[in-house]
Novice: 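Handing you a structure now.
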There are 2 protein chains.
Amino acid sequence: MKISTKGRYGLTIMIELAKNYGEGPTSLKTIAQANDLSEHYLEQLIAPLRNAGLVKSIRGAYGGYILTDVPSKITAGDVIRVLEGPITPVEGIEDEEPAKRELWIRIRDAIKGVLDNTTLEDLASHSEDGEMEGYMFYI
Amino acid sequence: MKISTKGRYGLTIMIELAKNYGEGPTSLKTIAQANDLSEHYLEQLIAPLRNAGLVKSIRGAYGGYILTDVPSKITAGDVIRVLEGPITPVEGIEDEEPAKRELWIRIRDAIKGVLDNTTLEDLASHSEDGEMEGYMFYI
DNA sequence: CTAATGCCTACCAAAATACTACGGATTTTT
DNA sequence: AAAAATCCGTAGTATTTTGGTAGGCATTAG
C-alpha cells in the first residue's frame with residue numbers, strides 16, 4: 001500500500017528538472033546532492049524515465065537531463081506509472097469477485113484522479129513555498 | 001502501491017462473516033474452502049482482527065468466528081488498517097517537502113474516502129450480484 | 001588530454017510476502 | 001471417556017521486492 005523510493009525519488013528528479021526547465025541540462029549529481037540521495041541509485045531510476053521518453057539526456061561534461069515536454073504537460077501519474085507500474089491497488093482486478101472488484105476500482109480511480117491531475121508544474125511551484133500551515137495529520 | 005493478500009484475504013473473511021451475520025459462527029475451514037484459500041494462512045490473518053476486536057471467536061467443534069458489530073458499522077478501512085497498517089501512500093508524510101507532502105495527503109485522503117465509506121454490508125450485498133456490466137478497465 | 005558527465009551490468013543485504021509445518025488448547029458430539 | 005472439530009501460537013522458509021553499491025565504459029566540453 002506504499003509508493004516506494006523509486007516513485008518518490010523519481011518524482012524528486014522530475015520536480016528538479018521542472019524547476020530548471022528552459023535553462024539547460026541538470027546533472028544527476030546536482031540533484032543527488034541537493035536532495036541527499038545516492039547519485040548511482042538515481043541513475044537507475046532515470047533510465048526508465050528516459051526509455052519512456054519523459055526526459056532526454058545530454059552526455060559529456062556539463063551534460064545532464066532535461067524534460068522532453070513542458071512541466072505543465074507531465075503529470076505525477078506519468079512518472080509513477082513508469083517507475084511503479086500500473087496504478088492499481090491490486091494485481092488482476094478483473095479476477096476479483098464483483099464487490100471487491102468495485103472497491104479496488106473506486107480506489108484506483110481515486111488515486112488516478114489525484115496523480116493524473118497533478119503536473120510537474122504544480123509540484124515545482126509549490127516546492128518553493130515555505131512551510132504549509134494548518135494541515136491536519138490524521139490516520 | 002499494492003494491497004497485499006493480507007488485506008485482500010482479510011476482507012474476504014470479513015465479507016463471509018458479514019453474509020452469515022446473525023446465524024452463528026462461521027469456521028475458517030468453510031471460508032477457506034469457499035474461496036480456495038489456505039485455512040492455515042487465514043488463521044494468521046484473523047488473529048490480528050480478533051486482537052483488534054473486529055471479530056470474536058468461538059472455540060471447539062462447530063465453533064468459528066462472528067463479527068463483533070453489525071456489518072453496516074464495520075468498514076473496509078477498519079479491516080485494511082488492521083492488516084496493512086495505516087492508510088498512507090508513503091511512510092513519514094510529515095518529513096517530505098511541501099509539494100510532495102500535499103500530493104501524498106491528497107492520495108491518502110482519496111483512498112481513505114473510499115475505504116472508510118465502504119461497509120461490510122455494502123460489500124456483502126454486492127457479493128451476491130452476478131457479473132458487473134459495462135465497467136471500463138483502463139490503466 | 002582530462003574532467004565531468006551519462007550509460008550499463010552485475011551483485012548484494014535486508015525486509016516483506018505468502019505461505020507451510022507442527023503441535024497444543026478448547027469445546028461439542030458420540 | 002473418546003473422538004472430532006475447531007481455534008491458537010510459534011517457527012521456519014522460498015520467493016520477491018527494495019534500496020542500494022561496485023566497477024567500468026562511452027561521450028563531450030573546455
Side-chain angles (χ1 to χ4, degrees), chain A residues 1-13 16-17 20 24-68 80 83-86 89-92, chain B residues 1-13 16-17 20 24-68 80 83-86 89-92:
Chain A
M1 200 53 196
K2 300 284 180 293
I3 294 174
S4 71
T5 56
K6 285 182 204 166
R8 304 214 303 277
Y9 295 175
L11 263 186
T12 300
I13 293 171
E16 295 282 355
L17 296 185
N20 296 356
T26 310
S27 73
L28 282 191
K29 188 176 191 179
T30 307
I31 297 175
Q33 284 173 352
N35 294 273
D36 196 30
L37 300 174
S38 153
E39 183 185 348
H40 246 326
Y41 188 39
L42 296 190
E43 281 179 359
Q44 289 177 47
L45 304 186
I46 207 164
L49 294 172
R50 177 171 41 80
N51 292 335
L54 294 180
V55 304
K56 189 170 88 174
S57 67
I58 289 147
R59 300 175 73 152
Y62 293 81
Y65 296 87
I66 57 177
L67 298 182
T68 53
I80 295 296
L83 292 168
E84 304 270 350
V90 306
E91 305 280 355
Chain B
M1 200 54 195
K2 301 283 180 292
I3 293 174
S4 71
T5 56
K6 285 182 204 168
R8 305 213 302 276
Y9 296 175
L11 263 186
T12 299
I13 294 172
E16 295 282 355
L17 296 185
N20 295 358
T26 308
S27 74
L28 282 190
K29 187 177 191 178
T30 307
I31 296 174
Q33 284 172 352
N35 294 273
D36 197 31
L37 300 173
S38 152
E39 182 185 349
H40 248 326
Y41 189 40
L42 296 190
E43 283 179 356
Q44 290 178 44
L45 304 186
I46 207 165
L49 294 172
R50 176 170 40 80
N51 292 334
L54 294 180
V55 303
K56 188 170 89 173
S57 67
I58 290 148
R59 299 176 73 152
Y62 290 81
Y65 295 88
I66 57 177
L67 299 180
T68 53
I80 296 295
L83 291 167
E84 304 269 350
V90 306
E91 306 280 355

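Throughout, protein chains are lettered first and strands after them, A, B, ... in sequence-line order, and every chain is numbered starting at 1.
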Novice: For B:Lys56 and D:dC8, give me the distance from atom NZ to atom P, rounded to whole Å.
Specialist: 12 Å
Novice: For the residue pair A:Ser38 and A:Ala32, what are the closest heavy atoms and their distance?
Specialist: C-CB, 4.3 Å
Novice: Nearest heavy-atom pair of B:Thr68 and B:Val55: which atoms, and what distance?
Specialist: CG2-C, 3.5 Å
Novice: Whole angstrom is fine here: how far is it from CG in A:Leu28 over to P in C:dT5?
Specialist: 10 Å
Novice: Mind calculating the distance between NZ (B:Lys2) and P (D:dT18) to the nearest angstrom?
Specialist: 9 Å
Novice: Find the distance A:Leu17:CG to C:dG6:C1' and express it as a whole number of Å.
Specialist: 14 Å
Novice: Could you check how far NZ of A:Lys29 sits from P of C:dT5, rounded to whole Å?
Specialist: 6 Å
Novice: May I ask you to list the residues of residues 30-47 of chain A, by number, that have any heavy atom positioned under 4.0 Å from an atom of DNA chain C?
Specialist: A:His40, A:Glu43, A:Gln44
Novice: Compare side-chain N and O positions of B:Arg59 against OP1 and OP2 of D:dG9 and report whether any pair is under 4.0 Å apart.
Specialist: no
Novice: Quick one: does B:Tyr65's side chain get under 4.5 Å of B:Ser57's, heavy atoms only?
Specialist: yes
Novice: Under a 4.0 Å heavy-atom cut-off, which of residues 4-13 of chain B touch DNA chain C?
Specialist: B:Ser4, B:Thr5, B:Lys6, B:Tyr9
Novice: When you compare the side chain of A:Leu17 with that of A:Ile31, does any pair of heavy atoms fall below 4.5 Å?
Specialist: yes
Novice: Check whether any side-chain heavy atom of A:Leu11 sits under 4.5 Å from a side-chain heavy atom of A:Arg8, and report yes or no.
Specialist: no
Novice: Please give me the minimum heavy-atom distance between A:Gly10 and A:Leu83, naming the atom from each residue.
Specialist: CA-CD1, 3.5 Å
Novice: Please give me the minimum heavy-atom distance between A:Val90 and B:Ile3, naming the atom from each residue.
Specialist: CG1-O, 4.1 Å
Novice: Less than 4.5 Å apart, side chain to side chain, heavy atoms only: is that true for A:Glu16 and A:Asn35?
Specialist: yes
Novice: Within less than 4.0 Å of OP1 or OP2 of D:dA5, is there a side-chain N or O belonging to B:Ser27?
Specialist: no
